[in-house]
Amino acid sequence: MDEARAGTAAGGARAGEGALTGPPRAAETGWAPSSWRSFPATQLPTWPDPAAVGVVLEQLRTLPPLVFAGEARRLTNALARVQDGRAFLLQAGDCAESFDDFSADSIRDKLKVILQMAVVLTYGSGVPVLKVGRIAGQFAKPRSSPTERVGDLELPVFRGHIVNDDVPVPAARVPDPNRMLTAYHQSASTLNLLRAFTKGGFADLTHVHAWNQQFVASSAEGRRYEAIAEEIDRALRFMRACGVDLTTESPIHQVDLFTSHEALLLDYEEALTRQDSLTGDWYDCSAHLLWIGERTHQLDGAHLEFARGIRNPVAVKLGPAADPAGVVALCESLNPDRQPGRLTLTSRMGADHVRRLLPPLVKAVERTGHPVLWACDPMHGNTFVSESGRKTRHFDDVLGEIRGFFDVHRSCGTWPGGVHIELTGDDVTECLGGIEDILEEQLPLRYTTACDPRLNARQSIDLAFRVAELLRGE
Ligand code: PEP
Ligand code: CO
């Protein structure tokens with residue numbers, strides 16, 4: 001097999017995938033995995049030793065793909081069903097994965113929360129929930145400033161463990177290209193474990209429901225959701241009564257969890273981009289879905305150039321400054337052939353702005369007929385610095401932005417396709433409020449994030465129940 005190619009195993013399209021259609025072939029549009037290099041780029045590190053970077057990238061290019069082209073196509077098709085209102089998207093995981101906090105237990109606990117949320121959201125939405133993790137590759141971080149002040153020191157900013165270390169000393173902040181290899185290998189083992197967990201019985205619907213029942217029973221606040229949990233329980237009993245064997249039916253035991261991360265560090269993404277031998281198309285085989293962040297979606301910029309040529313499904317974050325014409329131009333650039341499922345637009349406006357800022361964008365895109373999946377990131381528009389100097393978010397603002405997002409789509413007649421959440425399975429104290437009503441003075445107790453504040457496990461499940469209530473119009 002040509003090592004630069006994803007290979008037949010990578011590309012094997014399945015019957016009915018609709019895999020061979022799509023935007024023009026890369027070569028016809030002057031695109032190549034490296035064409036981003038002649039466009040202006042923001043947020044990329046300045047590597048101190050370019051020769052060392054070259055050696056690492058050469059190694060990365062010879063390593064196997066982490067995901068396969070056929071899987072990315074399957075995700076595109078699943079996202080197309082979300083777009084049509086036939087499914088709901090739950091995209092969730094860490095703000096930044098860490099080289100220091102890497103264990104089977106933390107991966108399992110994160111997956112457990114995502115599965116629990118998905119069951120509740122399935123009940124709430126009445127449609128299947130498509131699960132996409134911010135996991136197995138979410139290492140690179142865009143930053144608002146190239147430096148940060150720690151005590152008396154002015155340090156280069158931490159850009160995620162794929163670039164430098166978060167320890168606040170100058171030597172740790174020097175970009176080290178070998179970190180890209182560590183990120184690759186950590187992604188590979190994370191993905192391996194996720195594949196085992198999701199196919200090996202851990203995702204069994206009856207287990208997941210039992211975890212949710214424990215959540216409901218474990219506090220007075222949780223008991224508020226008893227009625228929903230009881231309805232899910234009744235549905236499972238109904239299935240058993242109809243002869244569905246919950247102990248052997250494979251869809252009940254196995255789930256699909258796709259992976260995603262921000263396509264920020266383009267050196268790394270380019271090295272993992274492989275040509276599918278089946279279709280001749282290029283896929284970024286570092287994850288199933290890649291997104292372009294709020295700070296890097298300039299129309300004439302390197303990140304857009306990279307994203308337009310890969311055939312994975314892509315998403316773009318839209319902040320308060322997004323304007324209707326610019327968003328339509330993004331759609332034209334990233335999805336000129338209007339392929340369903342190809343493009344997700346993830347708004348992150350802030351709870352106070354979403355009702356005002358989102359409708360003009362939705363209406364402008366609707367007028368063009370572009371097929372997009374509208375998702376809501378209720379995290380990044382609601383971050384503030386607490387009095388103790390910690391970045392945080394309030395559960396009520398997170399829920400408030402989701403509520404605003406649903407209201408906007410209800411009034412525009414469009415489908416609120418999903419949510420994009422930063423969470424962890426650990427019992428951290430990083431976001432305020434929620435089921436345990438975490439207070440400002442409790443933030444220092446277990447504040448361990450490598451970047452932004454995440455909802456802890458109980459806040460995440462609480463949020464899923466709240467969203468289920470919203471979806472059911474309660
Ligand atoms: C993120 O998703 O962690 C992030 C930095 O988001 P945004 O680009 O929307 O600020
Ligand atoms: Co973040």
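Atoms considered below: every heavy atom in the structure, side chains included; atoms not considered: hydrogens, waters and symmetry mates. In listed order, ligands and their atoms are each counted from 1.
For ligand 1, the atoms lying closer than 4.0 Å to a non-hydrogen atom of Arg134 are 1 (C), 2 (O), 3 (O). Residue-ligand proximity, Gly293 to ligand 1, at heavy-atom distances under 4.0 Å covers atoms 8 (O). Taking every heavy atom of Glu422 and a limit of under 4.0 angstrom, the matching atoms of ligand 1 come to 1 (C), 2 (O), 3 (O). Listed by number with element, the atoms of ligand 1 under 4.0 angstrom from any heavy atom of Cys95 are 3 (O).
At a 4.0 Å heavy-atom cut-off, ligand 1 touches Arg348 through the side chain alone. The proximity of Cys451 to ligand 1, defined as any non-hydrogen pair under 4.0 Å, does not occur for either the backbone or the side chain.
When Lys199, Lys131, Arg195 are each tested for a salt bridge (charged side-chain N to carboxylate O under 4.0 Å, His left out) with Asp256, only one passes: Lys199.
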Quick one: do Trp31 and Phe39 satisfy ring pair (Phe, Tyr, Trp, His ring centres under 6.0 Å)? Show the steps, please.
-> CA-CA 12 Å; Trp31 185 91; Phe39 289 76; over 10 Å; no
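A donor-acceptor contact under 3.5 angstrom links the side chains of His380 and Asp452, judged on distance only. Side-chain atoms of His261 and Glu269 include a donor-acceptor pair closer than 3.5 Å.
Considering only non-hydrogen protein atoms, atom 1 (C) of ligand 1 sits nearest to His380 NE2, 3.0 Å. Residue, atom and distance of the protein heavy atom nearest to atom 5 (C) of ligand 1 are Pro142 CG, 3.6 Å. In terms of protein heavy-atom proximity, atom 6 (O) of ligand 1 is closest to Lys317 NZ, 2.8 Å. Looking at atom 3 (O) of ligand 1, its nearest protein heavy atom turns out to be Lys141 NZ, 2.7 Å. The protein atom (non-hydrogen) at minimum distance from atom 8 (O) of ligand 1 is Glu294 N, 2.8 Å.
Counting non-hydrogen atoms of other residues, nucleotides and ligands closer than 6.0 Å to CD of Glu387 gives a total of 12 or fewer.
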Quick one: side chains of residues 349-361, donor-acceptor pairs under 3.5 Å with protein atoms, not counting sequence neighbours, listed by atom name and distance.
{"residue": "His353", "atom": "ND1", "partner": "Arg356", "partner atom": "NH2", "Å": "3.1"}
{"residue": "Arg355", "atom": "NH2", "partner": "Asp407", "partner atom": "OD2", "Å": "2.5"}

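For a threshold of 3.5 Å applied to N or O pairs, the pair formed by Asp377 and ligand 1 contains no separation below that value.
For the Co ion (ligand 2), the N/O/S atoms of Cys95 include one lying under 2.8 Å.
Ring to ring, Tyr268 and Tyr184 are not that close: their centroids are 6.0 angstrom or more apart.
For residues 431-440, every residue pair satisfying the salt bridge (charged side-chain N to carboxylate O under 4.0 Å, His left out) rule, not counting sequence neighbours, is listed here: Glu436-Arg458.
For the ligand labelled ligand 1, residue Met379 lies outside the 4.0 Å heavy-atom shell.
No side-chain heavy atom of Tyr123 sits under 4.5 Å from any side-chain heavy atom of Leu471. By the 4.5 Å heavy-atom criterion applied to side chains, Gln339 and Arg311 are counted as neighbours.
Our summary of the site lists the angle at the Co ion (ligand 2) between OE2 of Glu422 and NE2 of His380 as 80°, to the nearest 10 degrees.
Atom OD2 is the N, O or S atom of Asp452 at the shortest distance from the Co ion (ligand 2).
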